[in-house]
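Report on one structure; see the data block that follows.
So that the names make sense, note that chain A is the first sequence line, chain B the second, and so on, each numbered from 1.
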Protein chains: 2
Amino acid sequence: MMAIQYEKCPVEIAVDALSGKWKVLALWYLQHETLRFNELQRRLPGVSQKVLSQQLKELEKDGIIGRQVFAEMPPRVVYFMTEKGKAMKPILSSLFTWGTTFKP
Amino acid sequence: MMAIQYEKCPVEIAVDALSGKWKVLALWYLQHETLRFNELQRRLPGVSQKVLSQQLKELEKDGIIGRQVFAEMPPRVVYFMTEKGKAMKPILSSLFTWGTTFKP
DNA sequence: CAGCATCCTATTGGATACTG
DNA sequence: CAGTATCCAATAGGATGCTG
């Protein structure tokens with residue numbers, strides 16, 4: 001695989017960080033709430049555990065969300081937006097506005 | 001294939017309309033200019049003709065861009081944003097802002 | 001020039017079963 | 001509860017060649 005030689009445009013950087021079927025929607029629900037894994041999964045009807053955990057891991061790696069583990073039994077893990085993630089709120093709300101305006 | 005039973009959230013509607021590797025970037029370049037097929041392709045290094053024409057067709061079908069054909073030789077085809085597409089400008093600029101802020 | 005058709009590969013995501 | 005591991009199907013996208 002060849003490394004990409006040209007400088008990526010900022011739009012591409014944001015698009016790449018959000019690529020994945022459930023990422024934007026997950027962020028939408030994490031905007032105002034800290035949520036556990038299961039709570040998030042219930043809000044995304046159709047997502048499998050594998051894919052949800054995978055996409056959350058990518059968002060975490062990109063610094064967009066954080067993850068906190070409580071050493072309890074049964075285990076509790078919560079996800080929340082970082083500052084870098086909160087900076088995406090204008091993206092989320094403009095998507096929402098457009099979707100609301102042009103809903104079929 | 002089963003039809004989806006629940007009402008899609010507006011965010012999903014917008015995300016679906018933009019899903020496709022090159023759509024957002026193509027819209028970015030169509031924001032202020034009307035562009036020919038080749039001009040667009042040159043601005044998206046790496047896209048194949050097949051995929052570009054396919055994604056433009058989807059954007060057209062969704063009413064986000066328009067397409068005008070000039071009966072000339074050689075043929076000229078231009079693409080431009082519709083009003084529905086122009087309503088996406090806040091999405092594009094918020095993506096750009098985030099990408100600029102958190103560029104690696 | 002602006003594409004379509006064909007073929008092929010890589011990636012994504014879903015189903016299922018299992019675990020600390 | 002919050003995942004992993006494995007397997008599989010569907011889709012997206014790239015390469016190439018051809019055409020009005």
So, is [X] close to the [N] phosphate, meaning a side-chain N or O under 4.0 Å from OP1 or OP2?
X: B:R76; N: C:dA2; result: no
X: A:Q55; N: C:dG13; result: yes
X: B:R42; N: C:dC1; result: no
X: B:K50; N: C:dT6; result: no
X: A:R36; N: D:dC1; result: no

In whole angstrom, what separates [X]'s [atom1] from [N]'s [atom2]?
X: B:L52; N: C:dG3; atom1: CG; atom2: P; value: 8 Å
X: B:Q54; N: C:dG3; atom1: CD; atom2: P; value: 13 Å
X: A:Q68; N: D:dA2; atom1: CD; atom2: C1'; value: 15 Å
X: A:L56; N: D:dC1; atom1: CG; atom2: P; value: 16 Å
X: A:D16; N: C:dT11; atom1: CG; atom2: P; value: 14 Å
X: A:Q41; N: D:dT4; atom1: CD; atom2: P; value: 13 Å
X: B:E58; N: C:dG3; atom1: CD; atom2: P; value: 15 Å
X: B:L35; N: C:dA2; atom1: CG; atom2: C1'; value: 15 Å

Exercise. Taking the inter-plane angle between the rings of B:F37 and B:Y79 on a 0 to 90° scale, is it parallel (under 30°), tilted (30 to 60°) or perpendicular (over 60°)?
Worked result: tilted
Problem set entry | Non-hydrogen side-chain atoms of B:L40 and B:V47 separated by less than 4.5 Å | no
Seminar exercise, completed: Between B:L35 and the options B:R42, B:R43, B:Q41, the side-chain contact (heavy atoms from CB on, under 4.5 Å) test singles out B:R43
Seminar exercise, completed: 5'-most contact on DNA chain C (nearest-nucleotide basis), B:P75 vs A:M73, goes to B:P75
For this session: Could you check A:Q49 against A:G46 and say which one's nearest nucleotide on DNA chain C is further toward the 5' end?
Result: A:G46
Side chain of [X] (C-beta onward), nearest among [options]:
X: B:K57; options: D:dG14, C:dC4, C:dA2; value: C:dC4
X: A:V51; options: C:dG14, D:dG13, D:dG20; value: C:dG14
X: B:K21; options: D:dA2, D:dG13, C:dG13; value: D:dG13

For this session: Check the pair A:V78 / A:F70 against side-chain contact (heavy atoms from CB on, under 4.5 Å), numbers first and verdict last.
Result: CA-CA 8 Å; A:V78 297; A:F70 295 88; 3.8 Å; yes
For this session: Give the C-alpha distance, both sets of side-chain angles, the deciding distance and a yes or no for side-chain contact (heavy atoms from CB on, under 4.5 Å) between A:L56 and A:Q54.
Result: CA-CA 5 Å; A:L56 290 174; A:Q54 183 180 285; over 6 Å; no
For this session: Mind checking A:F70 for me? I need base, sugar-phosphate or nothing, with any heavy atom below 4.0 Å counting as a touch.
Result: nothing
Seminar exercise, completed: On DNA chain D, more 5' by nearest nucleotide between A:S53 and B:S48 is A:S53
